[in-house]
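Just so it is clear, the structure is predicted and the values come from calculations on it, not from any experiment. Hydrogens, waters and symmetry mates are skipped; everything else that's a heavy atom, side chains included, is used.
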Amino acid sequence: MIETFDTANDTSLTVRAPGQKSIWPISGWFGEYKSNMCYDEKNEMMMMMMVVMVIMMMMENHIFQNLIGWTCYTVVRVTPTTDEQVLALLGLAERAPGSGPGQGVQWWTPPRRNAPCDAMISPDSREEVIAVLGRLGLAHSVLHRDLQDSIEAVDEADSRERARRSTPNTRRQRGRRRQAIPFTSGVPALPYRTPSTLLLLVLKHPVLSAGRYQTRVDKELQPLLASRFAPGDAYINNQRYLDFEEIDTYITQLQLSHPNKVKLHLIGYSYEKRPMRVVHLSNCFECKYKAVWVDAGIHAREWIAPATALFALSQLAENETATAEMREHQDWYILPVANPDGYEFTHKKDRMWRKTRSNTSVPNCFGADPNRNFDFHWNVVGASNNPCSETYAGRHALSEIEAKNIRNFLWDNRERFKLYISYHAYGNFLLYPWGYTADNPSDWQLLKSVAEKVNAAMELAGSQPYTIGSSTQTLYAAAGGSDDWAKGVAGIPLSYTIELPGYDFGFQLPPRYIDEVARQSFEGLRVFAAEAKKFYLLGDLLSGSGASMARDRCRARSAVPAGALALARALAHALTVISLLHPEAAAGAGLLSDVVSYENHKVFRVVPSTHTQVTTLNQLLESAELDAWTKSRELDSPWDIMVNPLAAAELRRALQEHQIKWEVLIPDVAKTLQRRPSDPEVSSRSSSGTTGGARYLRYKEVVEYLDDLAKRYPERVTVKSIGKTSENRDLKVIQISSVRDAEADEARTARKAGGEAAAQAQEDKKTRPAVWIDAGIHAREWIAPATALYIIHQLVENATFTAGLTRDVDWHVLPLMNPDGYEYSHTTDRLWRKTRSKTWWGLGCAGADANRNFDFHWREVGASWSACSYTYAGSKAFSEPEARAVRDYLLANKDRMKMYLTYHSYGNDSLAKKANKAMVAAGSDPYTIGSSTNVLYAAAGGSDDWAKGVAGIELSYTIELPGGNGHGFDLPASYIPDVGRQQMELIKVFGKYVASLRKQ
C-alpha cells in the first residue's frame, strides 16, 4: 500500500537532542512510526548493541560476507508538473550530501514533467529532500519506507519458495492446480508436469529417441532438481529470481535436452571470467535464417529483465505448439544475462548494484555502465566521466569486455539480425533510437508503428500501457547505448529497449510478479517476431536471396508426415516421463540400460591448417553434441572429436564450409567399445603377484596388488591411504625406496660405531629427493593407470633392472587418482571423464574435472561453470576430495619432491627432449614437446600448474600417452606392455636427472 503525504504541511523536521544531528523526523513523515527502531532515537544505544551482537554472531559462524545494506534508505515517488520543478529535482542529486555509491539522492527514474519519478534517498539527505519538496509544493508517496526491509522481504519470499519446492506433496498439489498452458510435445498435459530439464537422463547424451542413449536416474536428486526448476508452464522456476550459475546451468541443460533446435555460443567471458553464452534457437541451423536478438540484465539490479528473457527462452525451446509460428523461418539468439558479474554481485553483496565490476582509476569505485559504453556517439550526453557514478561511461568506448563481446558477436552476424531487443527495468516504456539526440531516425514512423502493435498485444494480455517513443524524447538522453549502436552501426533496422514494469516496487519487484510480467511481455514478443518476419521475408522474396533457397531445401528435407512426427514425439516423451518418475518400472520393462550406449556415435579426425579454422573448431566444440578427445593449438595437427549421431551431418557441413580437412576415424564408437571383453570386477592375478600382464585391472585389484607388494617387499615398499573419495574409496599411494636396505646395513654398523651411522641414515632419509607420479585423474584414460602400475612393477619387482633408480631417489606413486570415475567407466559409461561427487544439479551432472579443480588460477580459462560439462571446474577450488588429498600430501612432502609427473591419454604429448629420444629408441612414436597451453590448449586449475606454481616442484610434467588410430581412449590392453616399456625409458632419464640433483 502506498501512503501519500503532503510535504508542504510537514513542519516538524528538526527535533534533535542537544549537540546531536537529527537523522529521522519525529512527526509528519515518520512520526507515526516511532516504535520502529530505525526512526526512534531513544533506542539508538539498544540498536547499536544489537548490531554488534549480530555482527559477532555472523563472524563466529563464518557467514559475515561484507554485505552492503540499505537500512533506512527511503524510496519516494513524486510527479513534477513544471520545468522548474524538474530542474529543482535534478539538482537534488548534485547538492545532496554523500559522494559514494548509494549516497545522497539517486533517481531510479529521472524527473520528467507530468510523469512519476522515483528517488532513493540516503538517511543523511532526508532533511534536504523534504525541505526541497516542501518548497516546491510537491506531494509524494513512499514506495519503500526502509529499502533494506523490502530487500529482505524478497529474500524471505525466495527462501519460502525454495522450501515449498523442496516438499514433494506441495509440488504435486501445485502441479494439479496449474493447467494454464498444455504441455506441447504430442501427448496430453500431465497432472504433474516435470520440466523438460528434468527429463534429461544422460546430460552428455540426451534422450534422442525412445529407449536410446538412456541411463539410470538418481532418484534421490529429483527433489533437489524440482526445487531449482518448477513444474510450471514455463519449465523453469518463475516464482523466484535465479542466480547466474543457475541460469547458466539451465541453458546448458536446455541445449542438451533439445540438441536439434538449441545451440549455445560462447561469445566471451566477463571481467571476472564468467561465461557469456548466447542461446541460439532454430528449426534448421544450416538454413541460416534471419534472426532476432534478445538480451537482458545489462544493468545488474534489474532482475525482472533476465527472468523475462528466460521465460521467453523456455517457451521458444519447449512450448512447440504455442511458438511454432515464432520459430518458423526465423532464428532467435538470446543472452539472458548481459552483465554476469554485476548480476551476481547483486545476489551476493549489493542488491542495488547497476554497473559491471571492472577496476577503475579510483579505488573502491568499480565498474562502468555497459549501456553507456558502446562505440556510437560514446559519452556525448547522459553519461559521466566519474568512475564512482552510476552512469560512468568507462575509460573509453568498449572498455567493458561485456559490451565488447556483444558488439563483436552482433557485428560478425549483422547481416542476419533484423530485430534487436534489450530488456530493462523499470517503467513501462517501449523505446526506439536515438538516445544520443532528440532527433528521430529516418524510419521512426515504422519503429513507432511496430511498437504500438506490440503494446496493444501486451495490453490484451493484461499489461498496463507502455509509453512509446525515442529514448531521448520519452525518457532521457543517454549516448553509448546498445540499441543506438545496434541500429546506427550494425544496421539492424528494428531496435528497441523495453523497460519492464516495476509497479510500485521499483527494482525490488517481488518474485510473485515474474510470471505475470513475463507472460505479458511474451505476447509482445510474438508481435515483434511477426513484424520482423514481414519486414525481411518480403526483401528475400524480391531479391531471391540464397537464404530463401536454403529455406526451400530445408522444407524439402523436413517433409515428414506430421502424424509420424507427433507419434515419435509422444513415444519419446512418454518413455522419458516413465523413466524419470518410475525408474524401477522402466528398468524392469527394459527401457533403461545399465550401460551407456554410444551406438552410431562417430569420431572425426580433423586437421585445421589456419588459425581461423582453429577458432572455428573451438566454437563448434561449445556444442554439447561434440566431445573433443584430443585438441592441439599447433596448425596441421589432428583433433579427434566424437559427435552425436544427430549432429554428424551438421559437423560435416561446417567442416566443408570452412574447408577443414577431416576423416571419420571411428565410424561407430559402440562397436569399438564392444570389441573389449567384459572384465569381471575382480580377477585372479598370477601367482607371482604381478599385475597380470596385458589387462586393465579394476580398482579392487589395484588396491590388492599394492597391498600385496607391501607385504612381499616390506624393506622397500610402503602403502598408505592419503584420503577418501566421494564414494568412500581409498586413495592408495605406494612409496618405493631402497633406503630401508641401507638403513638395515647402517643399523649393523651403528652397533659398532655407537649409533652415529644410524643418525646419519635418518638424516639421509629426510633429504633424499623424491618423484611423484599420478595417473587416471580422467577416468576414461585407462592406459594411464595401467602404465603407472607397469612402472610400479618394474621399480619393485625388477630390482636388477631398476636398482639404480631407487638407490638415490624415492618414488611416490598414486596409480588411481580418480577411483570413483574409473570404476564408473568400467560399469556404466566407458567414456566417463570426471569424478563422481554430487553436484547441486545432479541427475547425470555428477562430478567435476579434477584436473580443473586445483587452486592455481582456478577456472580462469579452459574450464566450465556448468556442472554438466566435461570440464566443470567444481563449485570451488579443491571442492573434490581427490584433489584435496593430493594437495595435502604434496605440501607435506614438498621439500623432498623434485619432480611431478601426471599420466594422461591420449595424444603422444610429453616434455623433455632427452626422454623423448630414449622412448623413440625403445620403439615409441615421437612425442610433441612444449607447455600445455602452447601445445594443447589453455586449461586453468590443472595439477601440474599447481605443483609448480604453488607447491614449488620445479620439474612438473603432463604426459599424454598414445591412443587414437581407431581406438581412442579404448586402447586395447595388448598395448600395455609396449607403452609401459617405452615409459620406463622416460623414467630412467628422469630418475637419473633427479638423482643428480642430490649430488650437486
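Without hydrogens or angle criteria, K355 side chain to G342 main chain gives no donor-acceptor distance under 3.5 Å. Proximity of a side-chain donor or acceptor of W293 to a complementary backbone N or O of L335 within less than 3.5 Å is not detected. Judged by distance alone, the side chain of T346 and the main-chain N or O of M352 form no donor-acceptor pair under 3.5 Å. No donor-acceptor distance shorter than 3.5 angstrom exists from the side chain of S449 to the backbone of Q445, with no hydrogens or angles considered. Put simply, the side chain of Q315 never gets that close to the backbone of F311: no donor and acceptor are under 3.5 Å apart. Of the possible polar contacts, none joining the Q508 side chain to the F505 backbone as a donor-acceptor pair under 3.5 Å is found. A donor-acceptor contact shorter than 3.5 Å links the side chain of T472 to the backbone of W434. The main-chain N or O of R354 is never found under 3.5 Å from a side-chain atom of D369 such that the two would form a donor-acceptor pair. T249 places no side-chain N or O within donor-acceptor distance of the main-chain N or O of E246, the cut-off being under 3.5 Å.
Within the 4.5 Å cutoff, the side chain of S422 has no heavy atoms near those of the I498 side chain. Residues L447 and L494 meet the side-chain proximity criterion, which asks for heavy atoms closer than 4.5 Å. At a threshold of 4.5 Å between non-hydrogen side-chain atoms, the residues S463 and N428 count as touching. Residues Y420 and S482 form a side-chain contact, since some pair of their non-hydrogen atoms from C-beta on lies under 4.5 Å apart. Proximity of M458 to L430: side-chain heavy atoms (C-beta onward) are separated by under 4.5 Å at one or more points. By the 4.5 Å heavy-atom criterion applied to side chains, C365 and Y392 are not counted as neighbours.
Between the side chains of H299 and N371, no donor N or O sits under 3.5 Å from an acceptor N or O. For T391 and S389, the side-chain atoms include at least one donor-acceptor pair closer than 3.5 Å. D124 and S122 form a side-chain donor-acceptor contact under 3.5 Å, judged by distance and modelled atom types alone. E402 and N373 are not linked by any side-chain donor-acceptor pair at a separation below 3.5 angstrom, with hydrogens and angles left out of the test. A side-chain donor-acceptor contact under 3.5 Å links T74 and R126. Remark: the E516 side chain and the Y503 side chain contain an N/O donor-acceptor pair separated by less than 3.5 Å. In this model, no donor atom of one side chain and acceptor atom of the other lie less than 3.5 Å apart for D483 and S495.
S270 approaches D341 most closely through the heavy-atom pair OG-OD1, 2.6 Å. A pairwise comparison of heavy atoms in L136 and Q85 identifies O-NE2, 3.3 Å as the closest pair. Among all heavy-atom pairs drawn from I304 and A425, the shortest one is CG2-CB, 3.4 Å.
Checking F244, W303, Y241 one by one against H347, the ring pair (Phe, Tyr, Trp, His ring centres under 6.0 Å) holds for a single residue, W303.
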> Between H144 and Y73, does a side-chain contact (heavy atoms from CB on, under 4.5 Å) hold up when you go through it step by step?
Replying inline: CA-CA 8 Å; H144 299 286; Y73 281 68; over 6 Å; no

>> Run the salt bridge (charged side-chain N to carboxylate O under 4.0 Å, His left out) test on E390 and R301 for me, step by step, so that the C-alpha distance in whole Å, both residues' side-chain angles and the decisive distance to 0.1 Å come before the verdict.
In response: CA-CA 12 Å; E390 294 282 281; R301 61 191 177 189; 3.4 Å; yes

>> As a quick check of understanding, evaluate side-chain hydrogen bond (donor to acceptor under 3.5 Å, both in side chains) for R113 and T81, giving each step before the final call.
In response: CA-CA 5 Å; R113 192 172 61 179; T81 57; over 6 Å; no

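Pairs engaging residues 453-474 under the salt bridge (Lys or Arg N to Asp or Glu O under 4.0 Å) rule: K453-E531 [sequence neighbours left out].
The ring of Y466 has its center no closer than 6.0 angstrom to the ring center of F429. Aromatic rings of F507 and Y426 (six-membered ring for Trp) have centroids within the 6.0 Å cut-off, being under it. Checked against the 6.0 Å centroid threshold, F345 and W353 count as a close aromatic pair.
Taking the six-membered ring where the residue is Trp, Y496 and F528 present tilted rings, their angle falling between 30° and 60°.
A cation-pi arrangement is not found for R77 relative to W108, the charged atom failing to lie both closer than 6.0 Å to the ring centre and inside a 45° cone about the ring normal.
A salt bridge links K348 to E344: at least one charged side-chain nitrogen sits closer than 4.0 Å to a carboxylate oxygen.
The environment of CD in E452 is crowded: more than 12 heavy-atom neighbours from other residues, nucleotides or ligands sit within 6.0 Å.
Checked against salt bridge (charged side-chain N to carboxylate O under 4.0 Å, His left out), D295 has no partners two or more places apart in sequence or in another chain.
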